[in-house]
Structures are given as C-alpha cells and as structure tokens.
Novice: 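Mind having a look at this structure? Questions to follow.
Scope of the values below: all heavy atoms of this structure, side chains included, with no hydrogens, waters or symmetry mates. None of the values given here were measured: they were computed from a predicted structure.
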Amino acid sequence: RAIETIDPAFTYKLVIIKPNGDTTTSTTGLVDDIIMAYPPTSSTPLDWEPTSVGQTKKITVRWVTDSKTYAYQLGFRFHYQEWTTDNPTPIDTSFTYYFPMFQPTFDYVCFTNQVCYDITKEQYYDLIVNNIDEDPAGTPASEIKYRKFIAIDFIVLQANEEFYNYITINAPSLSYVQKVTAYTNIENGLGIFGSRSSGGINDLIIDTQTKDSLRLGQYTSQLNFQP
C-alpha cells in the first residue's frame, strides 16, 4: 500500500522476492491526469445541428496530449428520463457507448499539443437511435414511453504502452486458431505492470436547436422526447 503521492514524472519498479530467493521485476511509467480542452466547462452547449444548408456538423472533443499515454478511448454517455402515462414518475436512465481505442497519431492531433476526436451529427443520432428502443406498433397509449434529455458525459480512457499491449495482444481471437501467446511485461513472472486512467467532463447540455431536433427531427421524433 502506497503511503506517498504517486508522481507521473517518475518511473516505477516492481520487485518481488520469492521465498526461494527468485526475484520477479517489472517497470512502468504512469499516465497523467486528463486535462479537457473542449468542451471547457459543463455549461458549454453542444450543437450538432448546422446553421446553414449543406454544412457538415460535428463536435470535436479535445484534451491535452500526455506523453506517457500510448492509446486513448472516448466514451459517450447519454442521460435521460423516461415515463409512461400509467407510470408518470420519471425514471433516470442512461446508455454508454465507447468508440474504438486509438493511438494519438497525426490524424488525431490538433493545436500541436491536443488530441482531437470528432463525433459527427450522424454518429450522434445513430447512437441515440441504436441504444433507445422505439415503442412497437400497437403499443397502448397508456404504455407509450415519453422521454426528456438530461445531460451528456464525455469519458476519456487512457493507457500506457504496456497496458495497451496487454489489452490488444491478449484480446480474444476471432479466428478458429486460438492464440497461445499472452503478453506480459513481468520478468520471471506473468501478468501486467502498467498504468491506465480515466477522466473527461460530465453534465454537458445541448443547445436549443439540437434539443428541438431531438424532439421533432427526422432521426429521433419517434422516441417521444419532450421539452
């Protein structure tokens, strides 16, 4: 159990001396805390609706690059309430989707020192439609579900190289030939000595136009979101 503050500027070494005198060792660096660049605060409204015809609309989530982080993964959490005429007390619920893990290569770098990840208008509405079920045809009026938007969270997961290698190399094989080699960075032992962390920003709002589109637009009007 650590009694001193862990400092990401240091490299940490694991040393285990076994009863027979053998020594198991490993080293790792630590990822630093996530520092969000955009959205900067929870009061920054997210706007997925274009302001002019033909405009391609997207939200670019940005955070400061960490030199010790080898890979990132962005999560999208959508909070809303749900109720029916029979059960009018709103129930808080949510869904979470994680985009694929990625390395911060040139395609994901902006402003020289930031990691950038785009969520397009189409992706935003697809996430909602694919994770909230529409009422089946013939549902009694008293059982139709009504909903209200509450907030969006962006979750940023990060891992150093050792942890990334462990996740990707040890991932289940999709072929008939199963892998027999497991990744480990521990000398004279098996396992992983690495670093991962999470951060992000919670309780984000959407702007009026995006909220109106959620209620009345072509993609999600069938989900009965209310003002």
Side-chain angles (χ1 to χ4, degrees), residues 1-42 44 58-77 96-119 123 152-175 177-204:
R1 183 177 177 181
I3 58 175
E4 297 185 12
T5 302
I6 295 177
D7 190 339
F10 296 159
T11 297
Y12 288 82
K13 185 172 184 178
L14 172 71
V15 178
I16 300 174
I17 302 175
K18 302 176 183 178
N20 64 0
D22 289 347
T23 301
T24 296
T25 62
S26 186
T27 59
T28 189
L30 300 183
V31 297
D32 211 339
D33 293 337
I34 291 289
I35 301 175
M36 295 299 297
Y38 188 87
T41 67
S42 296
T44 303
K58 62 186 178 182
I59 295 294
T60 301
V61 186
R62 297 187 276 115
W63 57 92
V64 177
T65 304
D66 170 40
S67 62
K68 299 287 185 65
T69 297
Y70 193 76
Y72 294 97
Q73 188 171 25
L74 179 65
F76 173 95
R77 182 169 293 142
T96 304
Y97 175 83
Y98 285 97
F99 294 94
M101 186 182 299
F102 67 95
Q103 295 175 264
T105 55
F106 178 79
D107 291 341
Y108 295 100
V109 175
C110 60
F111 299 100
T112 70
N113 69 333
Q114 294 181 13
V115 180
C116 300
Y117 198 99
D118 294 335
I119 302 177
Q123 287 175 308
I152 288 171
D153 302 337
F154 289 138
I155 308 146
V156 181
L157 307 181
Q158 56 184 358
N160 69 354
E161 185 172 3
E162 292 85 2
F163 211 96
Y164 173 81
N165 289 337
Y166 178 80
I167 292 172
T168 54
I169 294 175
N170 290 351
S173 173
L174 298 179
S175 70
V177 179
Q178 296 297 306
K179 295 181 294 185
V180 296
T181 301
Y183 174 81
T184 179
N185 70 330
I186 296 179
E187 185 176 348
N188 197 23
L190 294 173
I192 176 67
F193 186 51
S195 173
R196 64 175 179 174
S197 184
S198 64
I201 186 168
N202 299 332
D203 300 325
L204 292 157

Novice: With no hydrogens and no angle check, is any side-chain donor or acceptor of Ser26 less than 3.5 Å from a backbone partner on Asn185?
Specialist: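 Yes; judged by distance alone, with no hydrogens or angles, the pair exists.
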Novice: Atom CG in Asn113, atom OG1 in Thr65: separation rounded to 0.5 Å?
Specialist: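 It comes to 6.0 Å.
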Novice: For Arg77, is there any backbone N or O sitting under 3.5 Å from a side-chain donor or acceptor partner on Thr96?
Specialist: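 It does not hold such a pair.
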Novice: Considering only heavy atoms from C-beta outward, does the side chain of Tyr38 approach that of Thr44 to under 4.5 Å?
Specialist: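 Yes, close enough: below the 4.5 Å cut-off.
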Novice: For the pair Asp32 (side chain) and Asp66 (backbone), establish whether a donor and an acceptor sit closer than 3.5 Å, ignoring hydrogens and angles.
Specialist: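 No; judged by distance alone, with no hydrogens or angles, the pair does not exist.
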Novice: Quick check on the 6.0 Å ring-centre criterion: do Tyr72 and Trp63 meet it?
Specialist: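 Between Tyr72 and Trp63, the centre distance is under 6.0 Å.
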Novice: Please determine which of Asn165, Leu30, Val31 meets the side chain to side chain contact (heavy atoms under 4.5 Å, CB included) test together with Asn160.
Specialist: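 Filter result, single survivor: Val31.
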Novice: Quick one: closest heavy-atom pair of Met36 and Arg62, and the distance?
Specialist: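 Minimum heavy-atom separation between Met36 and Arg62: CE-O, 3.6 Å.
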Novice: Which residues pass the salt bridge (charged side-chain N to carboxylate O under 4.0 Å, His left out) test with Asp118, sequence neighbours left out?
Specialist: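 With sequence neighbours excluded, Asp118 shows a salt bridge (charged side-chain N to carboxylate O under 4.0 Å, His left out) to Lys58, given in chain and number order.
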Novice: Are the side chains of Ile167 and Arg196 in touch, meaning some heavy atoms are under 4.5 Å apart?
Specialist: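 Of all side-chain heavy-atom pairs linking Arg196 with Ile167, none is under 4.5 Å.
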Novice: Using a cut-off of 6.0 Å, state whether more than 12 heavy atoms not belonging to Lys13 lie near its atom NZ.
Specialist: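 Not buried by this count: 12 neighbours or fewer within 6.0 Å.
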Novice: For a 4.5 angstrom cut-off between non-hydrogen side-chain atoms, does Leu74 reach Ile119?
Specialist: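 Side-chain contact under 4.5 Å: yes.
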Novice: Which distance, rounded to the nearest 0.5 Å, do you find between the CG of Asp153 and the CG of Leu204?
Specialist: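 Here the rounded value is 7.0 Å.
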Novice: What's the separation between atom CD1 in Ile152 and atom OG in Ser42, rounded to the nearest 0.5 Å?
Specialist: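 Interatomic distance, Ile152 CD1 to Ser42 OG, rounded to 0.5 Å: 11.5 Å.
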Novice: Shortest non-hydrogen contact from Thr69 to Pro104?
Specialist: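 Where Thr69 meets Pro104 most closely, the heavy atoms are O-CG, 4.4 Å.
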Novice: Using the rule given for side chain to side chain contact (heavy atoms under 4.5 Å, CB included), can you reason through Tyr12 versus Ile6, listing the C-alpha separation, both sets of side-chain angles and the distance that settles it, and then say yes or no?
Specialist: CA-CA 9 Å; Tyr12 288 82; Ile6 295 177; 3.7 Å; yes
Novice: Is the closest side-chain heavy-atom distance between Lys68 and Ser195 below 4.5 Å?
Specialist: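 No, their side chains stay 4.5 Å or more apart.
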Novice: Does some side-chain heavy atom of Glu187 sit less than 4.5 Å from a side-chain heavy atom of Thr23?
Specialist: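 They are not in contact (no side-chain heavy atoms under 4.5 Å apart), so the answer is no.
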Novice: Ser198 side chain to Leu157 main-chain N or O, any donor-acceptor pair under 3.5 Å?
Specialist: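 Side chain of Ser198 to backbone of Leu157: no pair is present.
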Novice: Would you call Thr168 and Tyr183 a side-chain contact if the rule is heavy atoms closer than 4.5 Å?
Specialist: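 They are not in contact (no side-chain heavy atoms under 4.5 Å apart), so the answer is no.
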Novice: For a quick test of reading the model, state the closest non-hydrogen atom pair linking Glu162 to Phe193 and the distance between them.
Specialist: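 Closest heavy-atom pair between Glu162 and Phe193: CB-O, 4.0 Å.
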Novice: Flag the pair Phe76 / Gln123 as yes when at least one side-chain heavy-atom distance between them is below 4.5 Å, and no otherwise.
Specialist: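 The answer is no; the side chains never approach within 4.5 Å.
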Novice: What's the shortest heavy-atom distance between Gln73 and Tyr98, and which atoms?
Specialist: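 Heavy atoms of Gln73 and Tyr98 come nearest at NE2-CB, 3.7 Å.
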Novice: Looking at Gly29, is its backbone amide N or carbonyl O close enough to the side chain of Thr11 to form a donor-acceptor pair, meaning the two atoms are under 3.5 Å apart?
Specialist: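 No; zero donor-acceptor contacts below 3.5 Å.
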Novice: Please work out whether the ring planes of Tyr108 and Tyr117 are parallel, tilted or perpendicular, with thresholds of 30° and 60°.
Specialist: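 Geometry flag for Tyr117 against Tyr108: parallel rings.
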Novice: Can any side-chain N or O of Thr25 pair as donor or acceptor with the backbone N or O of Val15 at less than 3.5 Å?
Specialist: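 Such a contact is absent between Thr25 side chain and Val15 backbone.
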Novice: For Gln158, does its backbone N or O pair with a side-chain atom of Tyr164 as donor and acceptor, under 3.5 Å?
Specialist: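 No.
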Novice: Please enumerate all residues that pass ring pair (Phe, Tyr, Trp, His ring centres under 6.0 Å) together with Tyr97, with sequence neighbours excluded.
Specialist: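 So Tyr97 forms a ring pair (Phe, Tyr, Trp, His ring centres under 6.0 Å) with Phe99.
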Novice: Would you mind reporting whether Ile34 and Ser197 have side-chain heavy atoms less than 4.5 Å apart?
Specialist: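 Ser197 vs Ile34: side chains apart.
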